[in-house]
Amino acid sequence: MFRFSVFLLVALATTWAATACEVCGSVGSGQPLGILPQVQQHFVGVGYQHSRFATTAPSLYQGRPDEHFNDYYTTTQLWGRYVISQRWQLFGAIPYQHSRHTTASASTTQAGVGDVSAVLYRVVAGKGNAAYQQVLLVGGGLKMPTGRHDPALAVEQAGMPGMQPGTGSWDFMASANYTVRYKNTGANIDAAYTLTTPNAQQVKYGNRLTASTLFFYSFPIAKWQLLPQAGMRVEYALHDYDNYSRKWLNEQTGGYMGYAAVGIQAYRGKIGCRLVGQLPVAQYYGAGRIEAQGKIESSVIFMF
Amino acid sequence: MQQRIVFGLLMVSLGFGACQKNNSTVPDAAKIAITFAAPLPSTTYHMGDTVHIAATITYAGQMHGFELKLQDSATGNILMDEVKHAHSNKLDVQATWVPVGNVEQVLQLSLIATVDHQGISAEKSVTFHYHP
């Protein structure tokens, strides 16, 4: 029997386009959608994510000091959900990317609309009752090469394709999301896999897996419903290819990052908002040369 | 049941990532070809001239970058030193340098191309003169 609860909470995580470059820490990973109330409602919203990476790269040339640089990635995206039916939901996002690469003597900035993505989910509700409920979502989608990607740009020629807002590639995504709730407490387990393809320049970013476990507690204050939450998130990426047709594997890319996440979501009427901070607790990325410094994510949605 | 599905997806995904094909070309500095189009050897430049530097680097596989260095042969002073990361099997190097000062100099321009992160590289130099 297919049944929804008014307070059925579903956590969704979808990875958007992933960009990377050799030992420059230009890794932009996906922004989770958070815990959404009232599954049957459409919504539109604005999301924000900021992340920082520090890179130390030994020089390839004798007598030269190590190279140090920092990368800052900011994504602001317009996103939303369209409820097709009781069993099908469509999510979409249009990101605006801002990337900044800084060394001791120079700073390079790239900004523009990134790659648009869409994911279709099938909602499978498990058995439950008023106190105990569980739900499983399974979905697939794709990321389209709509973002600005210019192979003639200096950052592309310098081996930093991840600085550009777009990737120039079609990527495919699969995800599964499971949430269980008992009275006011709950947990969510999410996994998403991005299968990348090479772009016209044969640059292929590594396939990426993200997984997270999130625990939450729901309680009301005045007219607000608050959901403090905490958990862990892991991101794992394969190596990039500098040239996929020639199999030029870039072993200075890829790796894993593990984050501890703490945040809160709040809902009132048709408005929802979210703020989450993530700190790395374990990582090995870019052959150990790239260090994630942390992320902050926020979003505001309007349901209708 | 649902937990098994999620866990199974995780394991399948990790399995897909277990190995990646890699070009098996062994880095070989002897296969790096560096050609200077400018400056020509033994060219003499005067005050107010601009030294145009043009070179091409080719290799059988992927290169990782190059260093362009200009040095006073008599004093050892480094007058220009640029490092660029680039991933290709063919690199075009373009630069300019304007000589200054009233001292006659013999200058050595060196181009070092690197093919991997262990420092396998090749170097080629060209010498020219500055007469103020």
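Residue numbers begin at 1 in each chain, while the letters A, B, ... track the order of the sequences.
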task: May I ask you to decide if A/Asp242's main-chain N or O and B/Gln62's side chain share a donor-acceptor pair within less than 3.5 Å?
output: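 No, B/Gln62 side chain to A/Asp242 backbone: no donor-acceptor pair under 3.5 Å.
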
message: Test your reading of the model: is there a side-chain donor-acceptor pair from A/Tyr241 to the backbone of B/Lys21, 3.5 Å cut-off?
response: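 Checked: pair present.
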
Distance (rounded to the nearest 0.5 Å) between [X] [atom1] and [Y] [atom2]:
X        : Y        : atom1 : atom2 : answer
A/Arg246 : B/Ser88  : CZ    : OG    : 7.5 Å
B/Asn22  : A/Trp248 : CG    : CH2   : 12.0 Å
A/Asn243 : B/Asn23  : CG    : CG    : 9.5 Å

message: Does any part of the side chain of B/His64, heavy atoms only, come nearer than 4.5 Å to the side chain of A/Gln252, both counted from C-beta?
response: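 A side-chain contact under 4.5 Å is absent here.
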
query: In terms of heavy-atom contacts, does NZ of A/Lys247 have more than 12 from other residues, nucleotides or ligands at under 6.0 Å?
result: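 Enclosed.
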
message: What part of A/Tyr244 gets within 4.5 angstrom of chain B, counting heavy atoms only: side chain, backbone, both, or neither?
response: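 For A/Tyr244, no heavy atom lies under 4.5 Å from chain B.
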
message: If I measure from the heavy atoms of chain A, does B/Ser121 come under 4.5 Å with its side chain, its backbone, both, or neither?
response: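 Neither the backbone nor the side chain of B/Ser121 comes within 4.5 Å of chain A.
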
query: Any idea which heavy atoms bring A/Leu238 and B/Gln20 closest together, and the distance?
result: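 In terms of heavy atoms, the two residues are closest at CB-OE1, 3.4 Å.
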
